[in-house]
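Worksheet: one structure, shown below.
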Amino acid sequence: MTPNTPEQALAELYAGNRRFVGGAPRHPNQDADHRTAVADGQHPFAVIVGCSDSRLAAEIIFDRGLGDLFVVRTAGHTVGPEVLGSVEYAVTVLGTPLIVVLGHDSCGAVQAARDVATTGTPPAGHLGAVVDAVVPSLQRAAEQGVTTIDGIVDIHIAQTVEALLANSTVLAERVTAGRCAVVGMSYRLSAGEVRTVTTVPAGEQTATDRTAPAVTG
């Protein structure tokens, strides 16, 4: 059965990740019959706002299949209008009960932003937009005394959760109404494990001046 609450959806993701880490994936919903069954409509139980890193394929690390996850990926899981619109579509039109911001250790986008901050040399092309989106997380890390890349990644994940709710009244209202939750997760590239960094549970009142929780690292 498809999970229909944030709690059920989160439990299903963690169950799938445990199977993946343990080397015993079931590869659910990847057969020809299911492919046919979902051809006329989709009901994903989670939206994954993830980093574009090639090692962060959500359907694989959560051991899911066709129609299970609505995946939006950008370098450094940066959030712009297109990302917000995509997530709003999943939550309002498809009724998806859980939003997950999925980052990972040793994030290249975070490292690139830190390199720019250190050298003062702006990146070429549109990579500057990615770096600019990560800069607020670097500033927050500096305020909290966090200097490691993975510590900054955790702060950036929390910052992305904040950005989703601060910049989308639609998402904030769905969370406040108890119809959706937002969870920030970090993935360990070598171990394959995910862990929760921050959570905004369904029913929690949100605000545009929401402050992301402090993360140590």
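Since this is a predicted model, take the numbers as computed values, not measurements.
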Between [X] and [Y] (side chain of the first, backbone of the second, donor and acceptor by atom type, cut-off under 3.5 Å), is there such a pair?
X: Arg19; Y: Pro25; value: no
X: Gln30; Y: Arg64; value: yes
X: Gln159; Y: Ile155; value: no
X: Thr36; Y: Ala32; value: yes
X: Asn29; Y: Leu66; value: no
X: His43; Y: Gly67; value: no
X: Asp63; Y: Arg26; value: yes

Closest non-hydrogen atom pair, [X] against [Y]:
X: Val71; Y: Ala58; answer: CG2-CB, 4.2 Å
X: Ala75; Y: Val130; answer: O-CG1, 3.7 Å
X: Pro28; Y: Asp68; answer: O-OD2, 4.4 Å
X: Ile60; Y: Phe20; answer: O-CD1, 3.6 Å
X: Ala133; Y: His156; answer: O-CE1, 4.0 Å
X: Glu12; Y: Pro3; answer: CB-CG, 4.0 Å

Indicate yes or no: at least one non-hydrogen side-chain atom of [X] is less than 4.5 angstrom from one of [Y].
X: Val79; Y: Asn167; result: no
X: His104; Y: Val153; result: no
X: Cys51; Y: Arg73; result: no
X: Leu171; Y: Val175; result: no

_Can you tell me how the ring of Tyr89 sits relative to the ring of Phe70, calling it parallel under 30°, perpendicular over 60° and tilted otherwise?_
tilted
From the options [options], select the one residue that forms a side-chain contact (heavy atoms from CB on, under 4.5 Å) with [X].
X: Leu13; options: Val100, Ile61, Val183; value: Val100
X: Leu102; options: Asp53, Val49, Val194; value: Val194
X: Met185; options: Leu10, Ile157, Thr198; value: Leu10
X: Pro97; options: Cys180, Pro6, Pro44; value: Pro6

*Pair Arg188 + Glu193, salt bridge at N-O below 4.0 Å*: yes
Same hydrophobic cluster for [X] and [Y], using side-chain heavy-atom links shorter than 4.5 Å among ILVMFWY?
X: Leu94; Y: Leu164; result: yes
X: Val131; Y: Ile152; result: no
X: Val91; Y: Phe45; result: no
X: Ile48; Y: Val200; result: no
X: Val93; Y: Leu98; result: no

*Any side-chain donor near an acceptor of the partner, Glu204 and Thr176, under 3.5 Å*: no
*Can His77 and Thr160 be counted as having a side-chain donor-acceptor contact under 3.5 angstrom?*
yes
_Test side chain to side chain donor-acceptor pair (under 3.5 Å) applied to Arg195 - qualifying residues, sequence neighbours left out_ = Asp154
*Can you run down the salt bridge (charged side-chain N to carboxylate O under 4.0 Å, His left out) pairs that involve residues 29-48, sequence neighbours left out, and say none if there aren't any?*
none
*More than 12 heavy atoms from other groups under 6.0 Å of CZ on Arg179*: no
*With a cut-off of 6.0 Å (strictly less than), are more than 12 heavy atoms of other residues, nucleotides or ligands near CG of Leu189?*
yes
*To the nearest 0.5 angstrom, please state how far the CG atom of Asp105 sits from the OG1 atom of Thr148.*
11.0 Å
*Rounded to the nearest 0.5 Å, what separation is found between the CG atom of Asp150 and the OG atom of Ser106?*
5.0 Å
Without placing hydrogens or testing angles, list every side-chain donor-acceptor pair under 3.5 Å for residues 107-118, not counting sequence neighbours.
from, atom 1, to, atom 2, distance (Å)
Gln111, NE2, Asp115, OD1, 2.7
Arg114, NH1, Thr147, O, 2.5
Thr118, OG1, Arg114, O, 2.9

